[in-house]
Amino acid sequence: MKNYPNPFIEERADPYITKGSDGYYYFTASYPALHDEFHGYDRVILRKSKTVEGLRASEEVTVWKAHTEGIMAKHIWAPEIHEICGKWYIFFAAGDSDNKWNIRPYVLSCDGSDPINDGWTERGRVQPFAGDEVSFTGFSLDMTYFEHMGKHYLIWAQSVGDSSLFMAEINPDRPWKLTSMPILLSKPEYDWEKNRFSVNEGASVLKGKDKIFIFFSASGTGAEYCMGYLWADNDADLMKSASWHKKTSPVLSTKDLTGEVGPGHNSFVYDEEGDLLLVYHARPENHLTKECGTYDDESLYDPCRHARIRYVSFDEKGFPVL
């Protein structure tokens with residue numbers, strides 16, 4: 001096993017790493033803002049490397065910039081890059097120039113096979129299924145994609161009362177349009193999901209031997225941020241809410257860590273040695289004493305959320321151990 005440095009990449013929240021069919025690893029994350037939305041959250045960045053470790057020193061390339069006005073102009077958040085049926089897509093959230101909180105999910109498609117050097121086309125806001133009067137009608141963000149047993153899905157967080165997780169199917173040839181009505185996966189129920197804010201967000205999918213897991217982040221974005229998960233059997237109907245079961249306690253929180261606070265918004269990837277990695281962000285412990293050097297009372301505008309890596313294993317019952 002490699003000894004990945006901690007932090008892995010500084011000031012990159014909502015980190016996402018994937019390995020493409022071209023053999024390269026790709027990294028993206030929220031480009032941070034300092035003190036307000038006028039000083040960041042304004043682009044989508046990518047890094048590329050043959051190894052996970054190589055992503056630390058690889059050149060960071062801006063592949064898309066926020067609009068100067070109108071839609072997709074503010075709060076460019078939580079990009080994820082996915083290879084779907086041989087084509088590259090980036091899902092991200094964005095607000096408007098006249099309402100920075102009018103946040104919705106959007107999609108970019110790569111014009112070629114090289115995400116770094118080929119251009120990207122805007123596919124616009126993710127579109128609901130015909131007759132769907134719920135999806136993307138309010139604050140919506142943190143979209144992720146996964147395939148399971150030949151079916152393709154999107155998961156996102158949306159404020160319907162509290163910030164909750166929803167899932168729907170898509171056609172992989174047009175992954176910016178839902179092809180089913182959504183189901184409610186999870187809403188804040190426990191105290192650890194309601195600290196400062198009642199939030200479930202930042203979903204990521206992990207496949208085990210006979211179970212599939214949806215990890216998510218909960219509560220506010222400061223030291224109270226933490227991670228939980230849902231699970232279903234591999235052969236279950238994933239579009240039935242009853243197939244999913246929520247772990248009643250967090251699986252990673254500040255009390256589990258030394259020198260870092262507020263872990264969350266993660267992704268999973270296998271490194272080149274075949275080891276399973278949890279990629280997540282957390283703040284340094286001195287954020288608690290306002291000594292992190294970039295401290296802001298509004299934690300969204302304190303860029304001290306750093307990308308970090310931990311190893312993951314599975315217990316004898318097939319559940320992940322962080």
- Message: If you apply the rule side-chain contact (heavy atoms from CB on, under 4.5 Å), what do you find for H148 with I212, and how did you get there?
- Response: CA-CA 9 Å; H148 187 65; I212 185 167; 3.9 Å; yes

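- Between the side chain of K207 and the backbone N or O of N234 there is no donor-acceptor pair closer than 3.5 Å.
- Less than 6.0 angstrom separates the ring centroid of W77 from the ring centroid of Y41.
- Contact annotation: the side chain of I45 never approaches that of V63 to less than 4.5 Å [non-hydrogen atoms, C-beta and beyond].
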Side-chain atoms of residues 17-24: list all donor-acceptor pairs with protein atoms under 3.5 Å, sequence neighbours left out, distances to 0.1 Å.
residue : atom : partner : partner atom : Å
S21     : OG   : E83     : OE1          : 3.4
S21     : OG   : E83     : OE2          : 2.6
D22     : OD1  : Y24     : N            : 3.0
D22     : OD2  : Y26     : OH           : 2.6

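- With Y4 as the fixed residue, the side-chain contact (heavy atoms from CB on, under 4.5 Å) test singles out one of V52, D275, V279: V52.
- You'll find the ring centres of H82 and Y145 inside the 6.0 Å limit.
- For the pair D210/D235, no side-chain contact is recorded, criterion being any heavy-atom separation below 4.5 Å from C-beta on.
- At distances below 3.5 Å, not a single donor-acceptor pair connects side-chain atoms of W156 with backbone N or O atoms of A203.
- Atom CD of E273 sits in a crowded spot, with more than 12 heavy atoms from other residues, nucleotides or ligands closer than 6.0 Å.
- Within a 6.0 Å sphere centred on CG of D237, other residues, nucleotides and ligands contribute more than 12 heavy atoms.
- At least one donor-acceptor pair closer than 3.5 Å links the side chain of H281 to the backbone N or O of D14.
- Around NE2 of H39, the count of heavy atoms belonging to other residues, nucleotides or ligands within 6.0 Å does not exceed 12.
- When side chains are defined from C-beta on, T144 does not count as touching F91, because their heavy atoms never get closer than 4.5 Å.
- Under the 4.5 Å side-chain criterion, counting only non-hydrogen atoms from C-beta, E11 is not in contact with R305.
- In this structure, the side chain of T137 engages the main chain of V134 through a donor-acceptor pair within 3.5 Å.
- By the salt bridge (charged side-chain N to carboxylate O under 4.0 Å, His left out) test, E189 pairs with K246, sequence neighbours left out.
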- Message: The test is salt bridge (Lys or Arg N to Asp or Glu O under 4.0 Å); show your working for E37 and K100 and say whether it passes.
- Response: CA-CA 8 Å; E37 74 277 9; K100 65 184 181 182; 3.2 Å; yes

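- Applying the salt bridge (charged side-chain N to carboxylate O under 4.0 Å, His left out) rule to E201 yields no partners; only residues at least two apart in sequence or on another chain are considered.
- Each of S140, P105, S135 was evaluated against V126; a single residue qualifies, P105, per the side-chain contact (heavy atoms from CB on, under 4.5 Å) test.
- The ring pair (Phe, Tyr, Trp, His ring centres under 6.0 Å) test with F268 singles out one residue from F146, F215, Y280, Y311, and that residue is F215.
- Residue pairs meeting the side-chain hydrogen bond (donor to acceptor under 3.5 Å, both in side chains) criterion with at least one member in residues 44-53, sequence neighbours excluded: R47-E60.
- In this structure, W176 contributes its side chain and Y106 its backbone to no donor-acceptor pair below 3.5 Å.
- Within a 6.0 Å sphere centred on CD of E298, other residues, nucleotides and ligands contribute more than 12 heavy atoms.
- The main-chain N or O of D96 is never found under 3.5 Å from a side-chain atom of N102 such that the two would form a donor-acceptor pair.
- Ion pairing of E10 with R56 is absent here, as no side-chain N (NZ or NE/NH1/NH2) approaches a carboxylate O to less than 4.0 Å.
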- Given the rule in the side-chain contact (heavy atoms from CB on, under 4.5 Å) test, do K2 and E272 qualify, once you have shown the distances and angles that lead to the verdict? CA-CA 10 Å; K2 293 181 179 293; E272 61 277 10; 2.7 Å; yes

Using a 3.5 Å cut-off and no angle test, enumerate the donor-acceptor pairs between side-chain atoms of residues 162-175 and protein atoms at least two apart in sequence or in another chain.
residue : atom : partner : partner atom : Å
S163    : OG   : N200    : O            : 3.0
S164    : OG   : D162    : O            : 3.4
N171    : OD1  : D173    : N            : 2.8

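- A side-chain donor-acceptor contact under 3.5 Å links D315 to the backbone of F319.
- At a threshold of 4.5 Å between non-hydrogen side-chain atoms, the residues V199 and S219 do not count as touching.
- When side chains are defined from C-beta on, Y89 does not count as touching L108, because their heavy atoms never get closer than 4.5 Å.
- Judged purely by atom type and a 3.5 angstrom limit, T254 has no side-chain atom pairing as donor or acceptor with the backbone of V261.
- Using a 4.0 Å cut-off between charged side-chain N and carboxylate O, E224 and R196 make a salt bridge.
- Aromatic pair Y295/H287: ring centres closer than 6.0 Å.
- The side chain to side chain donor-acceptor pair (under 3.5 Å) check on T294 picks up D302, with sequence neighbours excluded.
- Side-chain contact between C85 and H152: present, with at least one pair of heavy atoms (C-beta onward) separated by less than 4.5 Å.
- At least one donor-acceptor pair under 3.5 Å links the side chain of R104 to the backbone N or O of F136.
- Taking the six-membered ring for Trp and the full ring otherwise, the centers of W64 and F92 sit less than 6.0 Å from each other.
- The main-chain N or O of A73 is never found under 3.5 Å from a side-chain atom of S97 such that the two would form a donor-acceptor pair.
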- Chi angles and distances behind the side-chain contact (heavy atoms from CB on, under 4.5 Å) call for I76, V44: CA-CA 7 Å; I76 310 304; V44 174; 4.0 Å; yes

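- Here Y16 and H265 keep their ring centres 6.0 angstrom or further from each other.
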- Go through the steps for H67 and E122 under the test side chain to side chain donor-acceptor pair (under 3.5 Å), then give the verdict. CA-CA 11 Å; H67 293 189; E122 295 176 5; 2.9 Å; yes

- Message: Between R308 and E260, does the salt bridge (Lys or Arg N to Asp or Glu O under 4.0 Å) criterion hold? Intermediate values first, please.
- Response: CA-CA 10 Å; R308 304 170 190 267; E260 50 186 288; 3.7 Å; yes

